[in-house]
Amino acid sequence: MSEYNHREIERKWRDYWENNQTYRTENIAGKPKYYILDMFPYPSGAGLHVGHPLGYIASDIVTRYKRLKGFNVLHPMGFDSFGLPAEQYAIQTGVHPAINTEQNITRYIEQLKNIGFSYDWSREVRTSDPKFYKWTQWIFMELFRSWYNRKTDRAEPVETLLAHFEQHGTEGLEAVCDEEAPAFTAGEWKAMSEREQYEITLKYRLTYLADAVVNWCPALGTVLANDEVKDGVSERGGYPVEQKLMRQWMMRITAYADRLLRGLEEVDWSESLKEQQRNWIGKSTGAEVTFPLAQDLEGGAGNPGIKVFTTRLDTIYGVTFMVLAPEHELVPSLTTPEQKAAVDSYVSAARMRSERDRMADAKTVSGVFTGSYCLNPFNGQPVPIWLADYVLAGYGTGAVMAVPSGDQRDWTFARHFNLPIIPILDAQQDIDQGADPTKEGRYVNSGIIDGLTFSEALPVLIRFLEEKGLGKAKINYRMRDAVFSRQRYWGEPVPVYFRDGLPYLIDEADLPLELPGVDKYLPTETGEPPLGRAEGWKYKGQYEYELSTMPGWAGSSWYWYRYMDPHNEREFADKTAIDYWRNVDLYIGGSEHATGHLLYSRFWNKFLKDRGYVPEEEPFKKLVNQGMIQGRSNFVYRVKDSVGEGKTPVFVSAGLRNQYEVTALHVDVNIVENDVLDIEAFRQARPDLAEGAEFILEDGKYVCGTEIEKMSKSKFNVVNPDTIVDRYGADTLRLYEMFLGPLTDAKPWNTNGIDGVYRFLKKFWRLFYDEGTDIRAGKWLVTDGDPTPAELKSLHKVIKKVAEDIENLSFNTSVSAFMVCVNELTALKCNKKAILQDLVVVLAPFAPHITEELWAALGNEPGTLSKTAFPAFNPAYLVEAAVEYPVQINGKVRTTLSFPLDTAASDIEKEVLANETVQKWLEGKPPKKVIVVPKKIVNVVV
RNA sequence: GCCGGGAUGGCGGAACAGGUAGACGCGCAGGACUUAAAAUCCUGUGGGCCGUAAAGCCCGUACGGGUUCGAUUCCCGUUCCCGGUACCA
């Protein structure tokens with residue numbers, strides 16, 4: 001073979017690696033281990049897109065490099081195969097999501113194998129496989145069977161909790177539990193019925209039932225994902241969506257809040273990622289205070305008071321009103337008859353808005369007075385109780401004490417509704433213009449803390465609260481317990497059944513609890529989740545199963561352990577395998593998982609460690625976010641009032657859209673060329689939108705709008721790698737994706753420049769083969785001569801650069817270094833085996849196919865490239881005799897001068913000042929200062 | 001809104017502890033080979049000024065300030081873009 005024929009070469013080595021299981025990894029301890037993991041993909045129907053391989057290529061390069069460096073590398077791949085898109089497809093087509101998912105996975109594997117990744121495919125996992133989710137369910141059961149003991153600061157089996165109840169009741173117990181868990185003595189405990197005891201334990205388990213807010217769409221009879229809600233209506237169909245409380249399984253992740261925070265100190269993650277997790281956890285130190293109601297509630301309900309959490313207890317004398325979330329449980333009883341109409345309409349309006357809308361909207365001030373008052377516990381002053389939708393029910397206590405002089409949002413609210421603003425610190429500035437949150441100065445208008453400073457006041461206030469039993473110092477977390485239920489079909493069934501209204505775990509022997517068949521993938525007529533449709537699906541033939549399924553993050557919260565021992569039927573993974581591989585040394589994936597997947601995974605990992613199943617506190621030692629390869633989306637613009645019964649939809653070209661009220665809709669980039677829409681293809685692809693539609697053109701064309709955004713099927717902007725592999729080969733794709741820029745940077749996908757990388761490979765090939773005039777008759781050029789210093793220098797520069805770059809995950813500069821090296825060797829007409837063979841090994845992690853081919857051509861045993869050693873760098877070849885000094889005058893380079901390597905600074909200074917150009921700039925005057933930085937630069941200040 | 005990230009030629013990017021801004025590649029322009037094309041090779045290429053040329057000068061790393069002998073790099077402020085915001089994965 002003489003011409004670089006990527007198709008032939010890549011097919012040959014792909015087959016070779018597969019047939020010889022070249023990348024199979026054993027759980028042996030003979031070599032040091034290295035575990036490199038990619039965040040596994042959701043197998044979408046659109047196939048793998050060019051964004052996915054970015055991280056996979058990077059991790060594959062590191063994997064191959066580490067193998068050359070003598071490590072036993074675990075580098076697996078699998079699929080996060082439960083999820084909404086497959087379910088949506090099933091709803092539309094009636095085909096079971098498992099079938100569609102299977103097809104998508106098959107395609108993904110084919111695409112991944114095309115790119116030449118060195119995964120050990122014998123370890124592949126799929127979260128939707130019952131053999132896998134059996135263990136996801138098992139972990140759920142372990143969570144249900146556990147509680148969090150604050151004294152030992154870890155999760156323990158429920159048995160130790162029962163033992164404590166048995167001996168001491170709740171006396172001396174420090175547990176993470178529901179707010180309303182009652183206190184009792186050992187005697188009272190023993191006197192309880194078995195059912196009462198069981199009910200008590202439910203308040204302590206790490207997974208429990210509670211009411212949580214969901215997006216309820218009455219018209220569709222279903223719960224919607226936040227993603228499926230746009231502007232307060234369902235994305236599909238445009239039906240109204242409201243916030244509704246529903247009974248859900250929850251995960252007590254808040255028990256781990258502090259450990260999740262502390263653990264960040266020991267991992268090698270980017271500071272920004274750790275910061276995001278810290279902010280998500282949101283630890284704040286403050287106090288919980290109860291404001292008693294001004295009068296008892298009617299109907300003997302007593303005076304529960306209003307509980308708030310504040311980080312600024314010192315501002316309590318500045319409280320002039322109280323703000324509750326519209327969903328707060330006391331709202332109905334606090335509303336006076338005169339205010340009822342206003343409150344009711346405000347509450348139902350708030351129900352229509354999503355949490356995010358409510359938080360994001362800081363411009364419009366809205367709220368309503370309930371008519372009731374509570375009392376400031378410090379001075380007994382009446383405080384009016386208002387509702388405002390910027391207070392969220394699921395957040396803290398769902399109530400905020402408003403201090404308009406110190407908090408801008410409260411200030412704006414007070415101004416808008418004419419509520420008083422009381423200054424509380426003498427250092428506060430200009431309270432008429434806005435709030436001043438300062439802690440400086442001494443308190444005024446502040447009862448028992450008048451004249452004190454912030455640090456003096458706080459203990460006084462806390463003591464007062466605790467003595468009166470009206471509150472206490474408290475650490476609060478922004479993080480909430482995680483909702484674990486999904487009212488969906490395509491997820492893991494929760495291994496729970498109900499007896500007399502209480503949840504019980506099924507027998508472990510009955511795992512996996514497999515998904516039952518259903519006639520349709522929609523909710524039942526009564527609004528139950530789809531599993532409610534499964535006929536005769538009862539535990540032991542009589543008990544109702546839990547009908548919700550687990551969320552997408554369940555399977556991904558532990559999957560890295562399954563790769564260690566993927567076929568084990570007795571345990572989620574064998575103990576010796578876990579003790580050998582321990583945790584992930586390098587984890588590469590998208591930053592969009594910063595707070596979801598990565599936090600839940602750390603939570604489950606800590607739990608598994610507490611229960612003795614795994615050895616490490618943190619699962620991912622080093623973590624890198626590859627930048628998102630963004631899609632370039634195209635849009636069509638639909639005129640707003642052309643939609644509806646009996647109307648003809650009208651689409652207007654991008655240049656004319658300002659003349660109409662339009663809705664921008666994504667259109668598939670594959671039917672758009674240079675931003676011009678293929679209207680016929682659009683009609684065929686989207687009859688739901690374009691049937692009978694009219695198009696308003698400009699210059700005879702329909703021009704689409706564009707936007708750079710996430711590449712995803714829902715945005716119709718997916719470009720897949722197969723066409724590139726076919727045309728240029730996988731080695732080119734791999735090099736090109738790395739050449740595109742730093743791994744961690746986001747960048748829009750475009751193929752400008754891929755030719756340059758392809759040319760580089762051809763040029764590299766021509767160091768070995770003379771393509772000649774007849775491409776089939778090229779000669780083998782490699783000779784056995786001794787390398788020259790220039791050749792060795794070129795080689796060792798690239799050895800050094802690439803080794804450093806891989807350790808720093810800076811692959812783009814490695815590709816440049818290869819190009820420079822090949823350019824130099826070509827100029828030197830170097831065809832020497834002593835140089836080229838090492839270069840082949842250095843390039844192998846990046847371009848495995850072409851290097852494997854040349855490795856064999858050089859006379860090495862075929863397929864052994866990954867088992868050789870990375871060439872050793874010898875600095876002696878790079879030593880320079882002299883240094884080129886740029887000479888600056890006032891910081892601007894005016895000339896350069898060369899000096900032998902260790903010329904003394906004083907000698908350099910002397911010669912520089914004598915230099916003609918420098919003399920010209922000095923204009924005869926003496927220099928003010930001369931800075932000589934050895935081996936770097938000279939700067940003369942005039 | 002809040003949290004996190006980003007912005008350098010026509011384009012992707014380089015400059016790794018503050019030391020020659022634009023490596024490498026694309027594109028573009030000119031040239032060689034060719035009947036021609038493809039492929040390949042060579043030369044030039046941030047903007048401007050002055051020149052026949054060589055050389056030289058000025059401006060330039062989103063914008064406005066600051067620190068420093070020297071700033072793409074550090075500090076303060078602003079704008080725009082991207083990710084997350086708890087049921088997309």
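Lettering follows sequence order; numbering is per chain, from 1.
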Parallel, tilted or perpendicular: which fits the ring planes of A/Phe82 and A/Tyr133, with parallel below 30° and perpendicular above 60°? tilted
Aromatic plane relationship, A/Trp765 with A/Tyr4 - under 30° parallel, 30 to 60° tilted, over 60° perpendicular: tilted
Note: [X]-[Y] ion pair, threshold 4.0 Å (strictly below):
X        : Y        : value
A/Glu228 : A/Arg488 : yes
A/Glu546 : A/Arg486 : no
A/Glu355 : A/Arg480 : yes
A/Asp357 : A/Arg353 : no
A/Glu271 : A/Arg278 : yes

With side-chain hydrogen bond (donor to acceptor under 3.5 Å, both in side chains) as the test, would you mind laying out the steps for A/Tyr728 and A/Asp755 before giving the verdict? CA-CA 8 Å; A/Tyr728 296 100; A/Asp755 288 301; 3.2 Å; yes
Ignoring the backbone of [X], work out which of [options] is nearest its side chain.
X        : options             : answer
A/Trp921 : B/C57, B/G12, B/C16 : B/C57
A/Lys920 : B/G19, B/C24, B/G56 : B/G56
A/Arg759 : B/U40, B/U20, B/G25 : B/U40
A/Asp80  : B/C41, B/C87, B/A89 : B/A89
A/Pro742 : B/A14, B/C87, B/C16 : B/A14
A/Ser272 : B/G5, B/C3, B/A14   : B/G5
A/Met628 : B/G19, B/U85, B/G83 : B/G83
A/Val893 : B/G83, B/A21, B/C24 : B/A21
A/Met819 : B/C88, B/C24, B/C87 : B/C24
A/Asn823 : B/C24, B/C26, B/G19 : B/C24

First encountered from the 5' end of RNA chain B, between A/Val820 and A/Gly596: A/Val820
Assign each of A/Gln248 and A/Pro748 to its nearest nucleotide of RNA chain B by heavy atoms, then name whichever residue's nucleotide is nearer the 5' end. A/Pro748
In this structure, how many angstroms lie between the [atom2] atom of [N] and the [atom1] atom of [X], rounded?
X        : N     : atom1 : atom2 : answer
A/Lys747 : B/C11 : NZ    : P     : 18 Å
A/Arg356 : B/C87 : CZ    : P     : 10 Å
A/Lys797 : B/A23 : NZ    : C1'   : 11 Å
A/Leu392 : B/G1  : CG    : C1'   : 12 Å
A/Phe760 : B/G13 : CZ    : C1'   : 17 Å
A/Glu492 : B/A89 : CD    : P     : 11 Å
A/Asn625 : B/C82 : CG    : P     : 19 Å
A/Tyr885 : B/G70 : OH    : C1'   : 17 Å

Using Watson-Crick or G-U wobble geometry with both distances below 3.5 Å, tell me the partner of [N], or none.
N     : answer
B/A14 : none
B/U45 : B/G27
B/G4  : B/C82
B/U35 : none
B/G64 : B/C76
B/A55 : none
B/G19 : B/C69

Using the [atom1] atom as the reference point in each nucleotide, state the distance between [N] and [M] in Å, no decimals.
N     : M     : atom1 : answer
B/C80 : B/G64 : C1'   : 15 Å
B/U85 : B/A89 : P     : 11 Å
B/G6  : B/A21 : P     : 24 Å
B/G70 : B/U52 : C1'   : 37 Å

Any heavy-atom pair between the side chains of A/Phe79 and A/Thr101 that's under 4.5 Å? no
Pairwise side-chain contact, A/Glu242 with A/Pro218, heavy-atom cut-off 4.5 Å (strictly under):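 Yes, close enough: below the 4.5 Å cut-off.
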Looking for any heavy atom pair under 4.0 Å, which part of the strands does [X] touch: base, sugar-phosphate only, or nothing?
X        : value
A/Met479 : base
A/Lys892 : sugar-phosphate
A/Gly83  : sugar-phosphate
A/Trp280 : base
A/His597 : nothing
A/Arg478 : base
A/Val930 : nothing
A/Asn939 : base
A/Pro41  : nothing
A/Ser270 : nothing
A/Leu740 : sugar-phosphate
A/Gln888 : base

Hey, does the side-chain of [X] have a donor or acceptor N/O within less than 3.5 Å of a partner on the base of [N]?
X        : N     : result
A/Ser816 : B/A14 : no
A/Asn279 : B/C3  : no
A/Gln487 : B/C87 : yes

Check the chi torsion on B/G9 and let me know: syn if it falls within 90° of 0, anti if not.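 Base orientation relative to the sugar is syn.
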Which glycosidic conformation, syn or anti, is assigned to B/A17 if syn requires a torsion within 90° of zero? syn
